[in-house]
Enquirer: 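Handing you a structure now.
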Amino acid sequence: MKKPDDILPPTGSTKVLTGRGLESFSMDEGGHLNLILEAIGNAQEGYLIMQLEASSGPGKILHINQSFCRMTGYVLEELTGKDSSLLWQGPSLVSFLKALRAIIADNQPAIRQLVCHRKDGSSFWAELEVVPLDKADRGKKIWVGILHDISDRKQMEQTLVESQMRLNGLLNSLSDLVWSMDVDQEHFIYLNPAAQRIFGYPVEDFFHNPKLWRSIIQPEDRDAATAAFDQILTTGGFEIDYRIVRSDGEVRWLRNKAHVICDPDGKPLHVDGLANDITSHKSVEARMERMANFPQFNPNPIYELTAEGELTYFNEPAGVLAKALGAEKVEDILPSETNKIVIECLRTGQSKLRVELPYGDRTISWSFFPIPNTKIIHCYAGEITERIRLEAQLRQSEKLKSVGQLAGGVAHDFNNILTIIQGFTNLLLSRQDFDDDAIDQLKQVAAAANKAADLTKQLLMFSRRQVLQTKNFNLNLVVTDLAKMLERLLGEDIHLTVKSPDGDVPIEADQGMLEQVVVNLSSNARDAMPRGGVLNLIIRKVEISATTASQHPDARPGLFACLTAVDTGFGMDRQTISRVFEPFFTTKLPGKGTGLGLSTVYGIVKQHEGWVVVESELGKGTTFNIYLPLAKVAVSIPQGEAQEKKPLGGTETILVVEDEAPVRVLLRSILQSVGYKIIEAKHGLEALRMWDEHRNEIDMLLTDLVMPGTINGIDLADRLLSDEPELKVIYSSGYSADVVGEKMSFDAGTNFLPKPYTPAQLLRLVRSSLDAKS
Ligand code: ADP
Ligand code: MG
């Protein structure tokens with residue numbers, strides 16, 4: 001509080017003291033005086049009786065009462081007869097005395113506020129009622145003063161002033177608009193300076209033109225905003241957002257909150273309000289709304305987690321995923337180590353990517369991202385089941401490819417060896433000079449060699465290095481023709497059906513190999529149904545979509561032939577399914593399974609540019625789907641009839657070209673033994689030399705397909721045929737990866753001799769080729 005050291009100006013409230021009888025007081029009337037002194041002695045207010053010299057001086061204290069003593073800290077004796085300047089000192093004493101003299105001269109009671117000094121030097125605000133007494137004693141005026149301590153009131157006034165100043169400062173500096181209007185909203189009672197900042201118009205404009213307020217509301221928002229203002233006496237208040245157009249034409253968003261102020265009887269006095277510019281707020285709001293669409297409309301599951309790993313947000317796809325995985329609550333499918341991951345992410349600021357977890361037969365990948373400067377983690381989930389399946393399939397087919405290469409290489413070399421074993425064994429068997437024991441033993445060798453040849457043949461099929469002898473045929477007819485044989489293979493307890501709902505399904509393929517596929521699938525089905533069951537073979541045309549094609553590494557879109565084998569056997573678990581095409585993978589007892597059946601199927605189908613899909617579940621049977629390209633032209637030529645028996649020998653001259661010496665020796669032995677003349681060559685170049693020397697004698701070229709040097713069997717044949725188009729040619733090979741797929745077409749019946757072969761097969765082919773009309 002400001003220290004009271006000065007006299008305040010008159011308060012203006014002049015109080016006429018009536019009924020106290022003091023106006024008629026006279027110093028001469030001693031009795032009365034004593035009465036008065038006694039009365040004021042007990043009064044609550046401080047009383048003092050003073051004598052003021054007419055000309056100057058502070059005046060003399062004649063008397064004070066007890067209350068006055070209490071207020072000032074003096075005792076009666078200390079003040080009576082003393083100068084009044086003891087009580088009111090300070091710089092303005094002169095002006096106080098001047099005022100006092102004026103009052104007394106006026107002879108009218110008056111009230112003055114002034115600072116009083118106590119004996120101890122402290123001071124206090126007091127109100128002094130000055131009552132002049134009209135009895136003047138030799139120019140000296142007597143007056144009575146009644147003193148009230150108004151320190152408390154002064155303190156309150158000061159506080160009020162200060163708070164008013166604070167309030168004004170606040171209102172002036174406020175960026176929000178504070179306004180007050182009369183009940184009819186015809187004029188403003190108050191508007192703080194923010195009005196100019198917000199609207200661009202000087203505050204006075206609003207006072208002068210009360211309509212301005214409404215006219216600057218953006219037209220689109222005007223109806224709603226004015227309605228809110230118009231109804232305020234009914235509603236009691238409102239909070240509305242609307243746009244206004246500033247004096248410079250800029251549009252801003254305003255949030256205006258208003259309410260009606262009433263008197264205690266509920267009568268409306270005025271309308272007060274607070275408005276703020278929420279333009280930036282609105283644009284942030286709009287942006288936030290847009291941003292909120294990101295997770296909401298994202299097709300992938302998204303989650304928000306707190307530092308405690310608590311789930312605070314998830315989008316709709318997250319709910320769908322949880323349901324699809326059979327969870328009741330979305331949080332149930334979060335990885336069990338989520339808490340640990342969240343803590344780690346927040347500690348390091350690093351994201352944690354691709355936490356891959358299995359959910360039954362599905363796999364979900366989780367990624368966690370700490371959001372900078374927050375304790376929030378964003379988490380994204382993606383299903384990768386399909387990718388993992390494709391990867392596994394790809395790995396599998398890569399594995400099969402490398403195993404195939406290995407198997408094919410071994411089988412090829414092995415075939416050459418087997419050709420020699422089989423050939424010489426058969427030659428020995430045809431000799432008359434062995435006894436029965438020796439013949440029996442030779443037959444054992446021959447039988448073992450045949451078995452070995454079968455095995456290598458299957459390996460070659462798997463490794464896709466068989467020479468394809470393709471022709472056009474209807475797959476459905478071939479399978480139907482096989483049915484009789486299959487029924488014998490399956491036995492009585494298995495029911496076989498063959499269906500071809502689409503009619504003829506023509507393919508261009510090696511018929512023998514395709515038959516092998518059907519036989520292998522059927523014998524596996526038989527083994528899977530030891531107590532009987534059903535095997536359905538279905539041959540159809542199937543349209544493969546791009547989506548379906550993307551699910552299998554070898555598949556592609558288009559129309560395909562499809563051979564389906566469905567059995568009702570014991571089925572397979574996942575582990576088995578993943579390995580069935582591996583050569584030598586078998587779950588059967590030793591001696592029962594070779595593990596080559598399905599690898600052969602796989603190799604044949606791949607070599608025909610098709611693919612195999614297997615579906616199975618333990619106890620629920622097995623389905624194999626084999627997809628093959630359809631033939632481009634329909635089948636027209638009917639199947640050939642059985643071959644007639646032909647004499648096996650001849651006298652023609654044959655140019656034999658073979659790099660393996662033992663095979664060459666074998667060929668010579670067999671062919672010479674039935675009368676043919678033989679000219680030999682070790683490789684293509686030598687064969688060309690022989691051709692130059694003997695061209696007129698040579699009736700037939702019998703050549704290996706793959707030979708060392710620059711000239712292979714096909715090149716050689718091409719050159720000789722260009723010299724002599726009538727020349728008969730037979731190609732022979734253990735395999736011919738290099739030439740398969742080229743334009744050459746081989747046919748075991750006319751020009752191709754697959755290794756290993758028996759002497760009878762060799763002689764039959766040579767004879768029929770020589771006899772064929774060119
Ligand atoms: P093998 O028949 O000699 O065992 P395969 O290559 O033909 O070799 O088959 C490999 C394995 O695949 C079999 O041992 C068997 O476990 C499984 N398998 C093949 N076909 C079926 C089927 N139709 N039902 C159940 N399991 C089958
Ligand atoms: Mg098998």
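No hydrogens, no waters, no symmetry mates; every other heavy atom, side chains included, goes into these values.
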Enquirer: Please walk me through it: do Met181 and Trp213 pass side chain to side chain contact (heavy atoms under 4.5 Å, CB included)?
Expert: CA-CA 11 Å; Met181 275 185 150; Trp213 176 249; 3.8 Å; yes
Enquirer: Other residues, nucleotides and ligands only: do more than 12 of their heavy atoms fall within 6.0 Å of CD on Glu328?
Expert: no
Enquirer: With rounding to the nearest 0.5 Å, note down the distance linking OG in Ser367 to CD1 in Ile377.
Expert: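 Separation between the atoms: 12.0 Å.
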Enquirer: Would you sort out whether Thr306 and Leu311 count as a side chain to side chain contact (heavy atoms under 4.5 Å, CB included), showing the intermediate values?
Expert: CA-CA 7 Å; Thr306 64; Leu311 184 64; over 6 Å; no
Enquirer: Where the side chain of Ser351 meets the backbone of Leu353, is there a donor-acceptor pair that is under 3.5 Å apart?
Expert: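 No; zero donor-acceptor contacts below 3.5 Å.
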Enquirer: Using residues 285-301 as the side-chain source, report each donor-acceptor pair under 3.5 Å to any protein atom, sequence neighbours left out, with the distance given to one decimal.
Expert:
{"from": "Asn298", "atom 1": "OD1", "to": "Asn300", "atom 2": "N", "distance (Å)": "2.8"}
{"from": "Asn298", "atom 1": "OD1", "to": "Asn300", "atom 2": "ND2", "distance (Å)": "3.2"}

Enquirer: Ser122 side chain to Arg118 main-chain N or O, any donor-acceptor pair under 3.5 Å?
Expert: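 Not a single qualifying donor-acceptor pair exists.
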Enquirer: Main chain of Lys329, side chain of Asp332: is a donor-acceptor contact present, judged purely on distance under 3.5 Å?
Expert: yes
Enquirer: Is the backbone N or O of Ile384 less than 3.5 Å from a side-chain atom of Ser365, with the two atoms forming a donor-acceptor pair by type?
Expert: no
Enquirer: Mind jotting down which residue pairs meet the salt bridge (Lys or Arg N to Asp or Glu O under 4.0 Å) criterion with at least one end in residues 191-219? Sequence neighbours excluded, please.
Expert: Arg214-Asp230
Enquirer: Should we count CD of Gln551 as having more than 12 external heavy atoms under 6.0 Å?
Expert: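 Result for CD/Gln551: enclosed.
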Enquirer: Count the heavy atoms belonging to other residues, nucleotides or ligands that lie under 6.0 Å from CD of Gln66, then report whether that count exceeds 12.
Expert: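 No - once you tally the heavy atoms of other residues, nucleotides and ligands closer than 6.0 Å, there are 12 at most.
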Enquirer: Kindly write out the residues that satisfy side chain to side chain contact (heavy atoms under 4.5 Å, CB included) with Ala307, not counting sequence neighbours, or none if the list is empty.
Expert: Leu346, Lys375
Enquirer: Looking only at atom types and distance, does a side-chain atom of Ser67 sit under 3.5 Å from a main-chain N or O of Ala43, one as donor and one as acceptor?
Expert: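 Checking the backbone N and O of Ala43 against the side chain of Ser67, a donor-acceptor pair under 3.5 Å is found.
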Enquirer: Verify, without hydrogens or angle tests, whether Asn65 (side chain) and Gly46 (backbone) share a donor-acceptor contact under 3.5 angstrom.
Expert: no
Enquirer: For Thr159 versus Gln155, what's the shortest heavy-atom pair and its separation?
Expert: OG1-O, 2.7 Å
Enquirer: Only pairs at least two apart or in different chains count here, so list each salt bridge (Lys or Arg N to Asp or Glu O under 4.0 Å) that has a residue in residues 74-88.
Expert: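 Found Glu78-Lys119.
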Enquirer: Would you check if Cys116 and Thr72 make a side-chain contact, meaning some heavy-atom pair closer than 4.5 Å?
Expert: no
Enquirer: In chain order, what residues pass the side-chain hydrogen bond (donor to acceptor under 3.5 Å, both in side chains) check against Asn256, with sequence neighbours excluded?
Expert: Trp179, Tyr242
Enquirer: Measuring from Met71:CE to Ile64:CD1, what's the distance to the nearest 0.5 Å?
Expert: 11.5 Å
Enquirer: Quick one: side chain to side chain contact (heavy atoms under 4.5 Å, CB included) partners of Thr80, sequence neighbours excluded?
Expert: Leu76
Enquirer: Quick one: do the Arg222 and Thr226 side chains pair a donor with an acceptor below 3.5 Å?
Expert: no
Enquirer: Atom CD1 of Ile40 and atom CD of Glu45: how far apart are they, to the nearest 0.5 Å?
Expert: 10.5 Å
Enquirer: Can you name the side-chain hydrogen bond (donor to acceptor under 3.5 Å, both in side chains) partners of Asp149, sequence neighbours left out?
Expert: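 For Asp149 the side-chain hydrogen bond (donor to acceptor under 3.5 Å, both in side chains) partners, ignoring immediate neighbours, are Ser151.
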Enquirer: Using modelled atom types and a 3.5 Å cut-off, is there a donor and acceptor pairing between side-chain atoms of Asp248 and backbone atoms of Glu250?
Expert: yes
Enquirer: What side-chain donor-acceptor pairs closer than 3.5 Å can you find for residues 167-174, not counting sequence neighbours?
Expert:
{"from": "Asn172", "atom 1": "ND2", "to": "Asn168", "atom 2": "O", "distance (Å)": "3.3"}
{"from": "Ser173", "atom 1": "OG", "to": "Gly169", "atom 2": "O", "distance (Å)": "3.1"}
{"from": "Ser173", "atom 1": "OG", "to": "Leu170", "atom 2": "O", "distance (Å)": "3.1"}

Enquirer: Looking at Ile232 and Ala258, what are the two nearest heavy atoms and their distance?
Expert: CD1-CB, 3.7 Å
Enquirer: Quick one, Met156 with Arg153, criterion side chain to side chain contact (heavy atoms under 4.5 Å, CB included). Give me CA distance, side-chain angles, the key distance, then yes/no.
Expert: CA-CA 5 Å; Met156 263 163 61; Arg153 201 171 86 206; 5.6 Å; no
Enquirer: Would a distance-only check, ignoring hydrogens and angles, find a side-chain to backbone donor-acceptor pair under 3.5 Å from Asp221 to Arg243?
Expert: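 Looks like yes, one N/O pair under 3.5 Å.
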Enquirer: Checking Arg112 side chain against Glu129 main chain: does a donor-acceptor pair fall under 3.5 Å?
Expert: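 It does not hold such a pair.
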Enquirer: For Asn276, which residues count as a side chain to side chain contact (heavy atoms under 4.5 Å, CB included) partner, sequence neighbours excluded?
Expert: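 Partners of Asn276 under the side chain to side chain contact (heavy atoms under 4.5 Å, CB included) test: Asp176, Arg255, Ile278.
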Enquirer: What pairs of residues pass the salt bridge (Lys or Arg N to Asp or Glu O under 4.0 Å) test when at least one of them lies in residues 335-363, not counting sequence neighbours?
Expert: Glu344-Arg347, Glu356-Arg387, Arg362-Glu383
Enquirer: Around atom CG of Asp152, are there more than 12 heavy atoms of other residues, nucleotides or ligands at under 6.0 Å?
Expert: no
Enquirer: Can you tell me which residue pairs pass the ring pair (Phe, Tyr, Trp, His ring centres under 6.0 Å) test with a partner in residues 331-370, sequence neighbours excluded?
Expert: Tyr303-Trp366, Phe369-Tyr380
Enquirer: If we ignore hydrogens and angles and just use 3.5 Å, is the side chain of Thr385 paired with the main-chain N or O of Thr363 as donor and acceptor?
Expert: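 Between the backbone of Thr363 and the side chain of Thr385 there is a qualifying donor-acceptor contact (under 3.5 Å).
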Enquirer: Can you pull the salt bridge (Lys or Arg N to Asp or Glu O under 4.0 Å) pairs that have at least one residue in residues 296-305, sequence neighbours excluded?
Expert: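 Every pair satisfying salt bridge (Lys or Arg N to Asp or Glu O under 4.0 Å) with a residue in residues 296-305: there are none.
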